[in-house]
J.: 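Questions regarding the structure given below will be posed in turn.
Per chain, numbering begins at 1; letters A, B, ... match sequence-line order.
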2 protein chains.
Amino acid sequence: MDATTRPPGRPRQFEIDDALDKAIVVFSERGYYAASISELKEAMGLTAGSLYKAFKDKKAIFLAAFDRYKQVRNALLNQEIGAGCDGRDKVFRMLRFYAEASHGESGRRGCLVVGTAIELAVYDAEAAERVGRSMARSEALFDRLIREGQADGSITKTIDAGATARLMLSVTQGLRVLGKTGPDRDRAFAVIDTAIKLLD
Amino acid sequence: MDATTRPPGRPRQFEIDDALDKAIVVFSERGYYAASISELKEAMGLTAGSLYKAFKDKKAIFLAAFDRYKQVRNALLNQEIGAGCDGRDKVFRMLRFYAEASHGESGRRGCLVVGTAIELAVYDAEAAERVGRSMARSEALFDRLIREGQADGSITKTIDAGATARLMLSVTQGLRVLGKTGPDRDRAFAVIDTAIKLLD
DNA sequence: GGAATTGGAGAACGTTCGTTTCCAAATATG
DNA sequence: CATATTTGGAAACGAACGTTCTCCAATTCC
């Protein structure tokens, strides 16, 4: 597989990832069903023909956008966590990452994972599996960071890492819901400041 | 306004609240957009004519179902809280009320408030106002119960009642999201058992 | 009893949806 | 240059949507 060779035929005139980034915005703030192909076409700057040559159907566009969203967000989150000095600081940075996303414009735009859980997960196995994996991943990450903190002495050993990780996950997902109707920045941060007390 | 006098014309042959209870189930598990009038007709046992004589349009059905949902749930919640022996016990009962609803069948069915926040609140002022009021009410209730516990000695006075109430609200809303993809009963209760530790 | 009003049932409405089709443009291969 | 293959663009498709209309039965008011 030579990366420089191009497949035959007219080359694609747009970047898939750029188009998906636009689709993410539409799907996030409108939801799956309310986001019409017309809206997606306009936002992505594509015609129906191009869209359906790049993606099988509407659900394929959505799932591709979901995967792109997860990829981008995970990269940002990992970068943020990497800057933490110990386990406790890393947990705090992870909480802050969600609080930052849960207010203002991005708060109103919403989280694609939460939206998928609410709108699609019950009746769509592919969507449910993606949501489940995302939640499990976040919970496992919280769990790992808490144990790391307990090992380096920044988090008390008396707490149950697993149960506390699940609580942190609940808090972050809840913040995403509350962010839809716009609690301000201070209120979101007051929540995570309270949650962090569980690590004492 | 005499309650015994009937308006002229043929009387309605179904109970509005019974029909709304069926609509609540459909709207909860399908969401607003995915719930078609056909589905609602079948679930409510009505024809299109009857439906549109009782409600202006689809959104009116939804808002009526939302209001009915809130009324029923609030009554159940108040009953549960009323059985609490002190502030701390009341907070625990309120958390348990949400944990109970966030797993199994009712967990998969989902919360109409959360669904409305995700699907409609951003673009619909009426929906947003209802969601906002519901969240504010829950937060105020947590706040009141925490202060009550601080007054009766069952909750430590060192915590910030307002901030802790907001955290509890985030936890409950988060549980509702997680319940969509089905964490089991034990996991939901482990979360509230952890949250309750903040009251020590 | 007759007029007026409402509910129930189902057909029919126009619109919008997601999707497909068709043709010209662009590029690879031989 | 010729051919195969793919994309871009616009029009067109059938299906499903929310809603309205029509007709008749049921009920109340006068």
J.: B:Leu46 CG to C:dG7 P: how many Å, rounded?
T.: 12 Å

J.: For B:Ala65, give me all partners under side chain to side chain contact (heavy atoms under 4.5 Å, CB included), at least two apart in sequence or on another chain.
T.: B:Leu20, B:Ala23, B:Ile24, B:Phe27

J.: Show which side-chain atoms of residues 70-78 of chain A pair as donor or acceptor with protein atoms under 3.5 Å away, not counting sequence neighbours.
T.:
{"from": "A:Lys70", "atom 1": "NZ", "to": "A:Ser134", "atom 2": "OG", "distance (Å)": "2.8"}
{"from": "A:Asn74", "atom 1": "ND2", "to": "A:Lys70", "atom 2": "O", "distance (Å)": "3.2"}
{"from": "A:Asn78", "atom 1": "ND2", "to": "A:Asn74", "atom 2": "O", "distance (Å)": "3.2"}

J.: Return the value, rounded to whole Å, for the distance between atom CD of B:Glu15 and atom C1' of C:dG8.
T.: 16 Å

J.: Kindly confirm or rule out a cation-pi arrangement of A:Arg68 over A:Phe66, judged by NZ or CZ under 6.0 Å from the six-membered ring centre and within 45° of its axis?
T.: no

J.: Starting at CZ of A:Phe55 and ending at P of D:dT6, how long is that distance when rounded to a whole Å?
T.: 17 Å

J.: What is the per-nucleotide protein-contact pattern of nucleotides 14-20 of chain D, from the 5' end, where B denotes a base atom under 4.0 Å from a protein heavy atom, S denotes such proximity for sugar-phosphate atoms only, and - denotes neither?
T.: ---SSBB

J.: Would you be so kind as to tabulate the donor-acceptor pairs closer than 3.5 Å made by side chains of residues 191-200 of chain B, with sequence neighbours excluded?
T.:
{"from": "B:Thr194", "atom 1": "OG1", "to": "B:Ala190", "atom 2": "O", "distance (Å)": "2.8"}
{"from": "B:Asp200", "atom 1": "OD1", "to": "B:Arg88", "atom 2": "NH1", "distance (Å)": "3.4"}
{"from": "B:Asp200", "atom 1": "OD1", "to": "B:Arg88", "atom 2": "NH2", "distance (Å)": "2.6"}

J.: If I take atom CG in residue A:Leu51 and atom P in nucleotide D:dG9, what distance separates them, rounded to the nearest angstrom?
T.: 12 Å

J.: Which pairs of donor and acceptor atoms, one on a side chain in residues 41-51 of chain A, lie under 3.5 Å apart (sequence neighbours left out)?
T.:
{"from": "A:Thr47", "atom 1": "OG1", "to": "A:Ser50", "atom 2": "OG", "distance (Å)": "3.4"}

J.: Which salt bridge (charged side-chain N to carboxylate O under 4.0 Å, His left out) pairs, counting each pair once, include a residue from residues 29-39 of chain A, with sequence neighbours left out?
T.: A:Arg30-A:Glu39

J.: Please report, rounded to the nearest Å, how far the P atom of D:dC23 is from the NZ atom of B:Lys53.
T.: 13 Å

